[in-house]
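Structure first, then comments.
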Amino acid sequence: MIKISKYRGCFKGLAVGDSFGAPYEGGLLERQLWKFIGKTKQGKRRYTDDTQMSIDIAASFLEYESYNQEHLAKRFAQSYQWTRGYGASAAKLLKGVRSGKRWQDLNRIKFKQGSVDNGAAMRAPIIALSHPRNDTTLKKAVQLVSEITHAHPTAIEGAYIIAVVICEALRDRSNKEIFNVLESCCQSDIYRTKLAKCKTLLFFHQVPHIQCIKKDLGNGVTAVESCVTAIYFGLQYRNSSLTSLLANIFTLGGDTDTIAAMAASIWGSLNGEGGMTNLAQQVENIEYIDELSEKLYYSHYQYDHMLQPA
Ligand code: F2R
Ligand code: MG
Ligand code: MG
């Protein structure tokens, strides 16, 4: 049975990873800026584009009971604020949509195949909450939600493998079972190779040196350099505290908010919300995130016998 605590843990984990990881993301300039804009007036930790776009997906899905790309694109655009640290291409696209342009005319304008970055993957856990079965409907939903801003196949495949891991984590699958599913879902050589390296690090070493994880899996902003890294951390630390998972990602450096957001949402899907109460209380708008998690849960409860209130 999937308990509601796992839904809350998945979404709150994403927000916790994002808002605690944001101060460590990027270069010196970005980190300095976050010192000034990283807290609300009430002293809560602000989240970034990762959580904002996840909130947009949940709210849009709940309004339509499915994914309506036009509605979602407008919702992404309305929520856009530069202070949330969006990627440059995503920011341009969203400002275009806000001024009345069609997302279909913008998502391949800068790069012929679309963006390769992890902006689709960082919000993919919420697609799994709306489609908690790992089947063709999940794959289709990932495609619809991702391509609005990220048309590149590696960006979409990164989002898909994150969503698949969340679906399996919600069902308490072992690391071995999760890897069996991932290997059968994964299509491209680039992700197959990364997953093979991840499997080696997870199953054959004690705990590898952080530099080894950086070299083998990556810590960058592309989907290829971050999604498998997040899967590694989510699964390696599944029986440890969320704090230790986060501390290790911050040591890794690079795209810390996004790697932490994806990894902590995997951790929360496995462990539920119990081990993150103190951290979650420090994040802005956490009550709304809780409310959305609950609504997503109950939107499925009547159809899916795997979902059971705690
Ligand atoms: N943007 C940030 N953080 C800014 C600091 C990052 C820092 N410099 C670092 O390197 O760590 N964070 C947020 O952005 C990431 C998600 O970004 P998204 O939405 O995927 O980005 P976007 O706008 O699509 O792409 C950004 C730039 O990447 C390059 N690029 C993308 N696709 C490309 C392609 N096909 N060919 C060549 N270059 C490509 C371009 O420079 C884009 O402008 C998350 O980390 C989130 O937290
Ligand atoms: Mg971010
Ligand atoms: Mg990031």
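Remember, it's 1-based here, ligands and their atoms both numbered in the order they're listed. In what follows, residues are counted from 1 in the order of the sequence shown.
Residue contacts with ligand 1, taken as heavy atom pairs separated by less than 4.0 Å, involve Asp117 via backbone and side-chain atoms alike. Heavy atoms from both the backbone and the side chain of Val116 come within less than 4.0 Å of ligand 1. Of all the heavy atoms of Asn118, the ones lying under 4.0 Å from any atom of ligand 1 are found in both the backbone and the side chain.
The shortest contact between atom 36 (N) of ligand 1 and any protein heavy atom is with Phe111 CD2, 3.3 Å. What sits closest to atom 1 (N) of ligand 1 on the protein, heavy atoms only, is Gly85 O, 3.3 Å. Shortest contact from atom 24 (O) of ligand 1 to any protein heavy atom: Ser115 OG, 2.6 Å. Looking only at protein heavy atoms, the nearest one to atom 45 (O) of ligand 1 is Asp255 OD2, 2.6 Å.
The nearest N, O or S atom of Thr51 is not closer to the Mg ion (ligand 2) than 2.8 Å. Look at Asp50 and the Mg ion (ligand 2): an N/O/S atom of the residue is under 2.8 Å from the metal. Among the atoms of Asp49, an N, O or S atom falls under 2.8 Å from the Mg ion (ligand 2).
The OD1 atom of Asp255 and the OE2 atom of Glu25 meet at the Mg ion (ligand 3) at an angle of about 80°, given to 10°.
In the model, Ser115 has no side-chain atom that pairs as donor or acceptor with a side-chain atom of Asp117 under 3.5 Å. A donor and an acceptor atom, one from each side chain of Tyr67 and Ser130, are located under 3.5 Å apart.
When ring centroids are compared, Phe250 and Phe20 stay outside the 6.0 Å threshold. Checked against a 6.0 Å centroid threshold, the rings of His71 and Tyr64 count as neighbours.
Looking at Met122 next to ligand 1, no N or O pair under 3.5 Å apart turns up. Between Gly27 and ligand 1, no pair of N/O atoms sits closer than 3.5 Å. Of the polar atoms of Thr48, none of the N or O atoms is found under 3.5 Å from an N or O of ligand 1, judged by distance alone.
The atom of Asp257 nearest to the Mg ion (ligand 2) is OD2, with the search restricted to N, O or S atoms.
Comment: Glu294 engages Arg8 in a salt bridge, judged by a side-chain N to carboxylate O separation of less than 4.0 angstrom. Between Asp172 and Lys6 there is a salt bridge, with a side-chain nitrogen of the basic residue lying less than 4.0 Å from a carboxylate oxygen of the acidic one.
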Test side chain to side chain contact (heavy atoms under 4.5 Å, CB included) on Tyr297 and Leu129 and set out the steps. CA-CA 7 Å; Tyr297 184 85; Leu129 295 186; over 6 Å; no
